[in-house]
Amino acid sequence: MALEWKDVPGWLQGVGSVFALVFAAGAVVVTRRTYQIESERDRVNAEARAAQEAFVRRGQAALVSVWWGESDVRQWGAFVRNASETPVYQAYLTVLAPDAQSESTKTHFLVVPPADSPVFCPIVTADHPKARRVKLSFTDATGVRWLRNQYGSLIESQSNLRIKTDATRAKVLDRFKDDFQATYGVEVTFEMDMKIQRQFVESVRDPAEAPDALVCPHDWLGDLLACDVIEPTVLSSAHRDDLPEWALRALSVNGLLYGLPTTADTVGLLRNTALVPQAPSTFEEVVATGRALRDAGRVTEVFAVRVGECGDPFQIWPLFTSAGGWLFGRTPDGEWDPTRIGIGTPESIAAFERLRAFGEAGSGLIRRSMTPTEAVELFASGRSPFLISTADALRRVRETGLAVAVSAVPPFADGHPATALTAVQGLVMTKHGANKGIAHDLFADYLTHADVLTELSDRVWAPHTLRGTTMKDPCIQDYLTLCEKGVPMPSFAQMDATWRILEKAEIAVISGAGSEETALRAAAEIGKLWNS
C-alpha cells in the first residue's frame, strides 16, 4: 500500500519517539555504569582513608615493644622499649608461666618515656627462665588502650568495662566513672544485681553476657570456680604491698589470688557508752550488765543480736565458737579442712545447747522475733545496751547520735575464745569478659586509690582494705582491727548450701528443738554435700 503524503508527519513522529526511547535507555545504562564506577571509587577511597586512619592510630603503639631476654650482666628478664616520640601510660608488663597462657608476675609502670634504648626489668623465676613469654598493655598519648600480646601481635582494646555488683556498691563506684575514664580512657558501667548467690553465679556463666568483673564476698569463690567463670588475678609488687596479707589470703584458693580486696566485715559488740562505759570482759558480764539495766528500767532488752525467722550463723558465730562449737577442722598450714566436720561433735552439741538456753525455751534473750532490723533499732534507740552485729549497723546508729564503742564479742568465762568470721568483698575478674584484660590491669591501680576506697567504706559502712589509711569513723576503724583478728570464712563451692543448713540448725535450737538431734542432723546434711 502506498504511503500517502498526509501520513508522513505521523510516521516521522513515531520514529522520533523510538529514537528518544533508545536514547533514554542508553542514558540509563551510562548513568548506572557511571554510578557504579563512582561508588567503587568512593569505596576504595573510604577503605584507603580507613586504612590510613588505622595506620595513624596505631602509629605510636606500633613503636612500643616488649621481649624476654638476658641482660649484659647475665640476668634474665623483660625488655620494654618506647621508640615513639611521646610517653605511654599505665603500662603493665606481664610475664607468663611456662605454659605461655597463665600469668606469673606483673610489673606496673605509670609512664614509659620515649627512649633510644629499652628498659630492662629483671624477673626472678623458679623455672625455665630462658623460655618465657611476656606481654605489655599500655595507653598511648591519645588515650587508646593497647595490648602487645605474648606472640608480639598489637591489639587495640575496647574502651569499656562492665562490672556487676550489688546496688549499694554500684551507686558508690558509679560516682567515679568520669574520673576513671579521665584517668585511663576507659568507660566503666556498674550493673546492679540483687540476686541470691546461686542465681547470681548462674547469671555470669553465659560468655555472651558475662561482665568483665564482679564484686562479691570471698566465700563465693569456690562456687564461681566450680562453675569455671572466674580466673586468677596477678598483682604487681607495688599494688600487692598496698593491700593487707590477711585480705589477700581470704581471696586466694590453692595459692592463687582470685580478686582485689575492697572492703571487709566481721562481727563485733557495740555498746552504748552512756550506759556501759567499759567493755565487758566475758559474755556473762554482758548478760549481768544488761539485766541490771533492764531491772532498773533504763532499757527493755538485755542485749540484741540479729537473728530473725531465717537465722544468721555469721552474726552468732563468736558465741557458738566460745561455747566450743566448730564447723571444719584445720590443716597443718591453717587452711580449712572439710573432711573433718565438727557440727555433730560433742563440743558443737554443747554449743547448740548453750544457744538453746538463751533461746525461746530458755531465757528468751535470743529469739526469732528479733529481726535484723529490729535488733539494730533496739540498740540505736537506746532500748538495748549491747548489739552483736556487723559494721553496717552503724549506719542507723550514727543517725540517732548515740554514743557508742566497738569491741570484740567477749568469750564465756568458762569457754573458748569467741572467734568471729571475717568476710572480704573482692573485685573478681571473670573468665569470659570481653575486656577482662583491661579489668585485670586498671582496677588493680584504681582500687588502691585512697579516695575511692574511703568513699566506698563510708557509703557501705564497712572498713576498706587499703594499708596505711585510717577510717573516718573510729568505730569502723575498730571493726578493721577485728577483721584482722578474725578467721576468713571458708570458700568451698558447698558453702552456700552449708550456710543454709546452719541457718536451719540455729533457728531450730533457738525455737526449742533438741540440741543433739539438731546438731547430728545438720552434720549429716553437710556431710552429704561433700559426698555427692
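Being a predicted model, the structure only gives us computed values, none of them experimental. One-based numbering along the sequence shown.
- Classification of D241 and R467 as a salt-bridged pair fails, no side-chain N sitting under 4.0 Å from a carboxylate O.
- Sorted by first and then second residue, the salt bridge (Lys or Arg N to Asp or Glu O under 4.0 Å) pairs with a member in residues 476-486 form an empty list; sequence neighbours excluded.
- Side-chain N/O atoms of Y446 and D179 include a donor and acceptor closer than 3.5 Å.
- Between the side chains of R459 and T168, no donor-acceptor pair is found at a separation under 3.5 Å.
- Residue pairs that meet the salt bridge (Lys or Arg N to Asp or Glu O under 4.0 Å) test with at least one member in residues 243-261, sequence neighbours left out, are R240-E245.
- For an aromatic pair to be called close, the ring centres must be under 6.0 Å apart, and Y479 with W461 fails this.
- Taking the side chain to side chain donor-acceptor pair (under 3.5 Å) definition, one finds that T470 meets it with nothing, sequence neighbours left out.
- Relative ring orientation between F443 and F190 is described as perpendicular, the plane-to-plane angle rising above 60° on a 0-90° scale split at 30° and 60°.
- Here Y258 pairs with nothing under the ring pair (Phe, Tyr, Trp, His ring centres under 6.0 Å) rule; sequence neighbours left out.
- Remark: Y89 pairs with no residue by the ring pair (Phe, Tyr, Trp, His ring centres under 6.0 Å) rule, at least two apart or across chains.
- Residue pairs meeting the salt bridge (Lys or Arg N to Asp or Glu O under 4.0 Å) criterion with at least one partner in residues 519-530, sequence neighbours excluded, are K504-E525, E517-R521.
- Each of V424, T390, L421 was scored for a side-chain contact (heavy atoms from CB on, under 4.5 Å) with D265, with one residue passing: T390.
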Run the side-chain donor-acceptor check on residues 335-354: report pairs under 3.5 Å with partners two or more places apart or on a different chain.
unit_1 : atom_1 : unit_2 : atom_2 : d
W336   : NE1    : P488   : O      : 3.0
D337   : OD1    : T339   : N      : 3.1
D337   : OD1    : T339   : OG1    : 2.5
D337   : OD2    : T339   : OG1    : 3.2
R340   : NH1    : R330   : O      : 3.3
T345   : OG1    : W326   : NE1    : 3.2
T345   : OG1    : G342   : O      : 2.7
T345   : OG1    : E347   : OE1    : 3.0
T345   : OG1    : S348   : N      : 3.4
S348   : OG     : W326   : N      : 3.0
S348   : OG     : W326   : O      : 3.2
S348   : OG     : G342   : O      : 2.7
E353   : OE1    : S515   : OG     : 2.6
R354   : NH1    : D414   : OD1    : 3.2
R354   : NH2    : D414   : OD1    : 3.1

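- Exactly one residue among H440, Q150, R133, K106 makes a side-chain contact (heavy atoms from CB on, under 4.5 Å) with T94. That residue is K106.
- Scored by the side chain to side chain donor-acceptor pair (under 3.5 Å) test, S389 finds R306 as partners (sequence neighbours excluded).
- Salt bridge K171/D174: absent, no basic N to carboxylate O contact under 4.0 Å.
- Partners of W67 according to the ring pair (Phe, Tyr, Trp, His ring centres under 6.0 Å) rule, which considers only residues two or more places apart in sequence or in another chain, are F79.
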For residues 369-380, dump all side-chain donor-acceptor pairs below 3.5 Å to protein atoms at least two apart in sequence or in another chain.
unit_1 : atom_1 : unit_2 : atom_2 : d
S369   : OG     : R367   : NE     : 3.3
T371   : OG1    : E374   : N      : 3.0
E377   : OE1    : R396   : NE     : 3.0
E377   : OE2    : R396   : NH2    : 3.1

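- In this structure, F176 has no ring pair (Phe, Tyr, Trp, His ring centres under 6.0 Å) partners at least two apart in sequence or on a different chain.
- Judged by distance alone, the side chain of Y92 and the main-chain N or O of D441 form a donor-acceptor pair under 3.5 Å.
- Under the side chain to side chain donor-acceptor pair (under 3.5 Å) criterion, D473 pairs with R398, not counting sequence neighbours.
- Aromatic pair W317/F314: ring centres not closer than 6.0 Å.
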